[in-house]
Amino acid sequence: MWILVHFDLPTETKKDRKNYAQFRKKIMADGFNMFQFSMYIRHCSSKENTEVHIKRVKSILPPKGHVGILTITDKQFGMMEIFRGHEPTQPPETTQQLELF
């Protein structure tokens, strides 16, 4: 599964900019990668793992602004069409994770 976190946070004041920077750094420390400006993605191996990371994002929400959290399956993510200008590009690869039982 994939988690997409997208946000629109205020940056008018010094405190707003600090909150923005802290939120961005914390989600990156949790394994999210920038997909586009203000949109970060993370691959998770299971629904349970997805719920853990969503809970972490919710625990660091900034006091102002809008944050959206969306989960999609690998199949849905693979059907995404991405373009740079008029040229199609490939979506990021799914990370392979070894699971031991």
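Position 1 is the first residue of the sequence; numbering continues from there. Just the heavy atoms: all of them, side chains too, but no hydrogens, waters or symmetry mates, feed the values below.
- By the criterion of side-chain heavy atoms lying less than 4.5 angstrom apart, applied directly or through intervening Ile, Leu, Val, Met, Phe, Trp or Tyr residues, I69 is grouped together with L9 in one hydrophobic cluster.
- For F32, there are no ring pair (Phe, Tyr, Trp, His ring centres under 6.0 Å) partners two or more places apart in sequence or in a different chain.
- Residues meeting the side chain to side chain contact (heavy atoms under 4.5 Å, CB included) test with F37, sequence neighbours left out: M34.
- By the 4.5 Å side-chain criterion applied to Ile, Leu, Val, Met, Phe, Trp and Tyr, M79 is assigned to no cluster and stands alone.
- Note on residues 78-88: no pairs pass side-chain hydrogen bond (donor to acceptor under 3.5 Å, both in side chains), not counting sequence neighbours.
- The distance from atom CG of D8 to atom OG of S38, rounded to the nearest 0.5 Å, is 6.5 Å.
- With sequence neighbours left out, the side-chain hydrogen bond (donor to acceptor under 3.5 Å, both in side chains) criterion links E51 to no other residue.
- A 4.5 Å side-chain heavy-atom check between D74 and H43 finds at least one atom pair inside the cut-off.
- Qualifying side chain to side chain contact (heavy atoms under 4.5 Å, CB included) partners for K15, counting only residues two or more places apart in sequence or in other chains: T13, N19.
- The two residues P62 and F23 have their closest heavy-atom pair at CD-CD1, 3.6 Å.
- Between M1 atom CE and T73 atom OG1 the span is 6.5 Å, to the nearest 0.5 Å.
- With hydrophobic clusters built from ILVMFWY side chains whose heavy atoms lie under 4.5 angstrom apart, I41 does not share a cluster with F7.
- Scanning for side-chain hydrogen bond (donor to acceptor under 3.5 Å, both in side chains) contacts around Y40 gives R24, with sequence neighbours left out.
- Side-chain contact between I3 and C44 is present, with at least one heavy-atom pair separated by less than 4.5 Å.
- Residues M28 and F35 do not share a hydrophobic cluster, clusters being chains of Ile/Leu/Val/Met/Phe/Trp/Tyr side chains in contact below 4.5 Å.
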Please report, to 0.1 Å, the donor-acceptor pairs under 3.5 Å made by any side chain of residues 53-60, with sequence neighbours excluded.
{"from": "H53", "atom 1": "ND1", "to": "D30", "atom 2": "OD1", "distance (Å)": "3.1"}
{"from": "H53", "atom 1": "ND1", "to": "D30", "atom 2": "OD2", "distance (Å)": "2.9"}
{"from": "H53", "atom 1": "NE2", "to": "R42", "atom 2": "NH1", "distance (Å)": "3.4"}
{"from": "H53", "atom 1": "NE2", "to": "R42", "atom 2": "NH2", "distance (Å)": "3.4"}
{"from": "R56", "atom 1": "NH1", "to": "D30", "atom 2": "OD1", "distance (Å)": "2.7"}
{"from": "S59", "atom 1": "OG", "to": "R56", "atom 2": "O", "distance (Å)": "2.7"}

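- Scored by the side chain to side chain contact (heavy atoms under 4.5 Å, CB included) test, K64 finds P10, D16 as partners (sequence neighbours excluded).
- Under the side-chain hydrogen bond (donor to acceptor under 3.5 Å, both in side chains) criterion, R17 pairs with no residue, sequence neighbours left out.
- A single hydrophobic cluster is seen to contain both M39 and M80, as judged by linkage of ILVMFWY side chains at heavy-atom distances under 4.5 Å, directly or through other members.
- Applying the side chain to side chain contact (heavy atoms under 4.5 Å, CB included) rule to I72 yields the partners W2, L4, L70, Q76, F77; only residues at least two apart in sequence or on another chain are considered.
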